[in-house]
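Following: one structure in C-alpha cells, then a few remarks.
Chain letters run A, B, ... following the sequence lines, proteins first and then strands; every chain starts at 1. Atom set for the values below is all heavy atoms of this structure, side chains included, hydrogens, waters and symmetry mates excluded.
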Amino acid sequence: MSRPAPVTRRSAKTEYIETDTGNKISRRARIEGKQNIMLAGKSVVMAGATLRGDLHRKSDKPAEGEKGGSVTAISVGKASIISTDCTIRPPMRLSRGQMTFYPMRIGDNVFIGTGTHVSALSISSHVHIGAGCVLSPFCVIKESCKILPGTVVPSHMIIPPGSIVAGRPARVIGEVGEGWGQGGGGEGEEYVEGGDLRPLVRSIK
Amino acid sequence: MAHAFPYTEIACPCTLNVSAADSARRTSVSVPQATDDDEEQTFNPHSPRANFSLYSPNDLLYCDDCHTIRCPRCWIEEIQVWYCPSCLFEIPGSAVKSDAEPAQLAGPFIQTCPYCSWTSLDAGIQFATSNHISDQLLKLRKPRSQEQNSDEAGVKAIVQGQDAPPILTLSHEAHFSNLTSFYKTLLNDAPTLNPYAVFAASPGASAYSSPSNLARIITMYSASPSKNPQKKVLPLREALTSAEGLALLPPPASLGSETEIIARMRETGYFDTASLEQQREAPINYEKRFHLGKDALWPVATLLRTRRTRRCSTCRHILSKPETKQGITKYRIKLLASEHILRFMLRPLNLPLISASGLLKPHSTILYVLVVRNPLFNPVKVTLATPSTTPGKVESRVTILCPDFTVGASGEGVGNEVWDDALRSSTSSSRQTSSALSASGHEGRHTSGVGFEDRVPEAGKVWERGRNWVSVVLEIVPGSLNPPSIPLSFETLSIRQDQSGTANAVPGAMREDSETIGEDDEEAVLKIPVLVRMEWDADAGAEGPEAGHKGEVAKEKRELAFWSVFCIGRIGA
C-alpha cells in the first residue's frame, strides 16, 4: 500500500504509443482502417504519416458475419521505419469491371524517408528509400535496394535486387556492393542503410 | 553519391604500388614526370588521381590469401548468372549468346509498347518468328545500313563553312569496326607499352595466347634484360581520323539540313520526335530524330543483369560468390574488408560547435572523436599518422592526440559486449561506469557530451576505451579558403606565371594557384589523409596444412598499412 501507484503509459503523454510487440506509433500519425494494417513488431510509424488501411479489397461475399474486416490492406515487417509525412496507400486498378484495391507488403528493415508517397505492390526487406520519393502503383522493389531521394518510380516497374535507383522516372544507376547493410548494429555505432534497423528503432523515443 | 559528413574513405593499396615511371608512361607525354616516389609521398585526397583510388569501406573486399584489401581495380569478375531485369528470370549461359529454342508459332510478329503505343511497324520492322529477336534485328539492319551507304556512296562529305575540313559520316557499324582495327594494330605495334595488355584480352583467353604478350613476358623474365636504347617509346594515342574510327559529336544530321528537320517536325508534331535520352540509349540511335519512318529509332535489346563471382587478380582466391539459387540475394562467400580491417567512425566531441549552416569555421579549433573498432578476434596495435597540415590548396592543421594504441579483440557476438561492459563497470570506478553507459547507445551518446564537459582531452591518452574499440580525439583547425596573401592583381598574375615553380617554397605567400576557392569547390571539403598501420598476431593454424598436427595454435605476425581519408565537412568562407 505504501508503494506509489504504477505510472501508466497512457498518463505520460509521450510522442509514441508502444504496442506489446514493440511497434512505436506516433500519436500524430493518421491511420485509417487500423484493423486492416499489420505491423510485425519493432516497427515505427512517425508523426504525420498517413496509412490508408481502409482501402482494402471488398470481399465478394459480403455479410458473412465474422469474416468482415479481417482483410489485410497493409502489412509491414519487423524493424521497418515509416518516417514523417509519408503516405502509404495500397494500389488499385480496374479488375473485372470493378475498382479493386490490392494489398501492399512491406518487408523487414525497410526505411522509408520523409515525405515519400508509397503505392507499391511490394517492398522487400533491407530496402532504403530516400526522402521525397514517389513509388507509383504496382511497382515492385526487391531486396537490398537503395532508392535515392527524390526518385519517381513509374508504375509497374520492377526493381531487381541490389539496385541503386534514381531519377524521374527512375532508372537503375548502379548496384549496391557486397557490403550493403553490413556493419552497424554494434554499440555506439550508427545504423547502416539497408542493415539492421533495430538500434535505430530503439533510439526513437 | 553524396555522403553525409563526416565519413571515411579508404585508398586501396594497389593504386600506390604503381610506380611513377609507369604512370608517366601510361598517360600522355605532356604530363611532367613525377619526381618523388609515390610511396614516400603523402596521399593527397584532392589530387585528381585520388578519385580513382578512394572507396567507401563497405565497397572493398579483403583477400585472406594475400592479406590485403582488394578494390574493383584489383579483382576479376566472373559472370555466374544472367537474368532479366524485368521478370527476374534466369537465363542459362548457353542461351545468352544464342537463343536455341525452336520457333513454335508461325506468322509475322511485331513489337509493341503498351505504354506509348509505339509498334515496331512504325520503324518498318516485322519479325518472322517470336524468338531470336536480336538476330533478326541484326539481319534487318544489315541491308538497311548497306543501302544507306550505297545511297551516299559509302561516305558523305559535308562541307561546314569554307575552310572546315569535310566531316565523313559513316554508319555506326563502320565506325566501330574502324575503331576496333585501329586499337588492335596499336596494341600489336607496341606490346611493351601497355602493362595491362594481359587484362585487355578477353577473360577466358590465356595471357599467353597472343604472341605479343608472350614476347613481352619472355623479355620481362629473361635473365639478362637486353635493354634496347634505340627503341623509342611511343605513348598510346587515340584515333585521329575517321578512317581510324574517330566519330565527331554532334554528328551531322543524316536527314540533311536543319530546315528539312523543322519541316518534318511541323508535319509530324513534337511527340513524334525522339528525346535526347532515347537517342543516347544506344550508338545506333545517336542520329535518329523521330519515332516514325526511315530514320526512326531502332529497337535496342534490354541488357541482362548479372550476378558475379569476384576473384583476387593476383592469387585467384574467391572474394565473393553469390548464391546460385534463383531469387536468393545472399552470398555464399563474402570477404568484406570491413570485417578484416579497422572500422572508423567520427563524431564531433561537442555538438554545438558546428554552426547551423553546417560549414566549418576557419581558424577555430574543433575536436572530433575518432572511434576505432576492431572486427578481428585478436588485439591489434594501431598506429595513425597524418601530416600536420592537410595537403591541397586549403591547409588545415590536424593533430591526433593519441596516435599509438592497442584495440582489444572482438568477441563472438554483440550481445556479449553489453554484459562485459556491465560487469567491468560494476567493479571499477563510477567514472568508468558512466563512460561505459555513454557508449552503449544513441541515447547515451548525447548525454556523454554533457557528462564530459569538464574533461579535457589529453595528449597521449585515449579518450574512451571499450572491449574492441578505442576512441581518440582529433584536434582540427580548418584553414581559410582565401589565405591572407598578396592581393590578386594583374601584376601578381603575370609574376605567377614566371615563378610557378618556386611559388610553393614561400610559406604563407602566394601559392601555385591562388585563385579564390568557393564554398562549393571540391577543395573546400576538409579531408584528412591518415596512414593507418595495424599489427596483430594472427592464428596461422587455420591456413597452413602443417600447423594442423601441432598441438598449439601457431601465431603469425601480420601487418597492414593503408591510407584512409576522413572527410570532416565543408569549410565556410
Query - Within-4.5 Å side-chain heavy-atom neighbours: B:S86 and A:M157 - result: no
Report task. Taking atom CZ of A:R105 as the centre, report whether more than 12 heavy atoms of other residues, nucleotides or ligands fall under 6.0 Å from it. Result -> no
**Report entry** Rounded distance [0.5 Å steps], CG in B:D59 versus CH2 in A:W180
**Finding:** 11.0 Å
Query raised in the report: Above 12 or not: heavy atoms from other molecules or residues under 6.0 Å from NZ of A:K24?
Result: yes
Report task. Let me see the working for B:R308 and A:E175 under salt bridge (Lys or Arg N to Asp or Glu O under 4.0 Å), right down to the final yes or no. Result -> CA-CA 12 Å; B:R308 299 173 298 276; A:E175 281 181 6; 2.8 Å; yes
Report task. Could you list the residues that satisfy ring-ring contact (aromatic ring centres under 6.0 Å, His included) with B:F562, not counting sequence neighbours? Result -> none
Query raised in the report: More than 12 non-hydrogen atoms from neighbouring residues, nucleotides or ligands closer than 6.0 Å to CZ on A:R198, yes or no?
Result: no
Requested in this report: State which residue, out of B:R310, B:K321, B:K334, fulfils the side-chain hydrogen bond (donor to acceptor under 3.5 Å, both in side chains) condition with A:E178.
Outcome: B:R310
Query raised in the report: With chain B, which of A:P154, A:P160, A:G177 has the greatest number of heavy-atom pairs at distances under 4.5 Å?
Result: A:P160
Query - Side chain, backbone, both or neither of A:V140 within contact of chain B (heavy atoms, under 4.5 Å) - result: neither
Query raised in the report: More than 12 non-hydrogen atoms from neighbouring residues, nucleotides or ligands closer than 6.0 Å to CZ on B:R73, yes or no?
Result: yes
Report task. Please identify each residue that fulfils ring-ring contact (aromatic ring centres under 6.0 Å, His included) with A:F138, with sequence neighbours left out. Result -> A:Y102, A:H156
Query raised in the report: If you count heavy-atom pairs under 4.5 Å with chain A, which of B:L88, B:L319, B:L335 comes out on top?
Result: B:L88
Query raised in the report: Which atom pair, heavy atoms only, marks the closest approach of A:G162 to B:R305?
Result: O-NH2, 4.0 Å
**Report entry** Segment of B:L60 engaging chain A (4.5 angstrom heavy-atom cut-off)
**Finding:** neither
